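For reference, the structure discussed in these notes is given below.
When a ligand or atom number is given, it counts from 1 through the structure's own listing order. Quick caveat, the model's predicted, so the values are computed rather than measured.
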Amino acid sequence: MKRATVAKIHHSSIIHNYRLACQLAPDSANLAVIKANAYGHGLSEVAQLLEPMVPAFAVAILDEALTLRQQGIVKPVVILEGVDSPEGMSWAARHNCWPILHTKRQLAALTNADSKPRCWVKLDTGMHRLGFAPPELADVVEQVRGLTATSPVICTHFARADELDNPMTTQQLNLFRRASRSLGCSTSLANSPALLGHPAAHSDWNRPGLMLYGCSPFSGPQEHADQLQAAMTLESEIIAIRNIPSGDSVGYGSRWQAKEPARIATLAIGYADGYPRHSQSQCRVWLHNQYAPLAGTVSMDMVTIDVSHIPETKEGDKVELWGPHVPVTEVARHNGTINYELLTRVSQRVPRVYID
Ligand SMILES: *Cc1c(COP(=O)(O)O)cnc(C)c1O
């Protein structure tokens, strides 16, 4: 009955990737960032898988933390964008969730909350998106200590840690150290690229996300990132095959034309499933242990590929759109975007199938 288009999620790869994070940063507590439906891999499933191994999780927003609690996840949950209302703060306190404070408004919400959660405090070291300015930090930390009777974890976020030689990461690190040194708090800086490529940024808490799903944040090879294992295989099947004569074209806009007689296979996946529409014939898929290029524009529900060089191709054959043979990073590059975006945009229509 079911359409064969699925996102297979490999448990063993996620566990391998988390262990790699711990090997690379053995002196840190490495929480698992599972925001945005665990980067498309399934929030509750990934949380259940990792719960025995991780000290804590992180999500972007309170609703994601709520889902985790409804699913019976009990480990602490850092709420990266924090909480804006006193009610939200009290909820966080009751459910062992740790909001990150980044504005005076959130500090006021904490002040007015009936019960106070443990909090983290964000310092803006140059990303200029969220966080208190360095001169404000000592005062905010003092207030949080007074309100919660514990020291907050001080954290910051890197803007360019994926560019391994970019000096901005070290500048942010130095600014962070100067601002936080005398305050006696635990710290948290490293995202995936910093965990993999900037050991100086490891600290009490690291916050790896992308790497847990087996994707490299770097544009080129990197010794640690190259050991990651892709956790998602986006797979579909061939639902039609035809031979077309030289000169005929395929798909909307006739953007692909056969230079010689060609064999075209149609796959049961399209941009409504999250396979990006700007993929062109530089994009390739994997079937019968070899690659085949796209032929023609990606449609809402279908993709056409050129299988002229694979004569044994038949209806019902399985095809990998991305996964161990076709890095999602490569598909992203051909679409002018990043692996993060493609993973988080695999749509609801695609069932996640969990494999050990
Ligand atoms: C998303 C996020 C992370 C994880 O980043 P990755 O690059 O996926 O490892 C860490 N910290 C914050 C504040 C984030 O928003």
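- With salt bridges taken as basic N to acidic carboxylate O contacts below 4.0 Å, none links E51 and K75.
- Heavy atoms only, all atoms of each residue included: P276 and V331 are closest at CG-CG1, 3.9 Å.
- Ionic pairing of E237 and R3 is not present here: no N-O contact between side-chain nitrogen and carboxylate oxygen is shorter than 4.0 angstrom.
- Taking a 4.0 Å cut-off on heavy atoms, P193 registers as neighbouring ligand 1.
- Each of the following atoms of ligand 1 lies closer than 4.0 Å to a heavy atom of K35: 1 (C), 2 (C), 3 (C), 14 (C), 15 (O).
- Contact check on R242 versus D248 returns no salt bridge, with no Lys/Arg side-chain nitrogen under 4.0 Å from an Asp/Glu carboxylate oxygen.
- Between R333 and E330, none of the side-chain N atoms (NZ, or NE/NH1/NH2) sits under 4.0 Å from a carboxylate O, so this pair counts as no salt bridge.
- When the shell of 6.0 Å around CD of E312 is examined, it contains more than 12 heavy atoms from other residues, nucleotides or ligands.
- Using a 4.0 Å cut-off to heavy atoms of P208, the atoms of ligand 1 that qualify are 9 (O).
- Distances shorter than 4.0 angstrom occur between a heavy atom of K122 and an atom of ligand 1.
- Of all the atoms in ligand 1, the ones that sit under 4.0 Å from a non-hydrogen atom of S192 are 6 (P), 7 (O), 9 (O).
- The contact set between ligand 1 and G209, taken as ligand atoms under 4.0 Å from a residue heavy atom, comprises 4 (C), 6 (P), 8 (O), 9 (O).
- The contact set between ligand 1 and R207, taken as ligand atoms under 4.0 Å from a residue heavy atom, comprises 3 (C), 4 (C), 9 (O), 10 (C), 11 (N), 12 (C), 13 (C).
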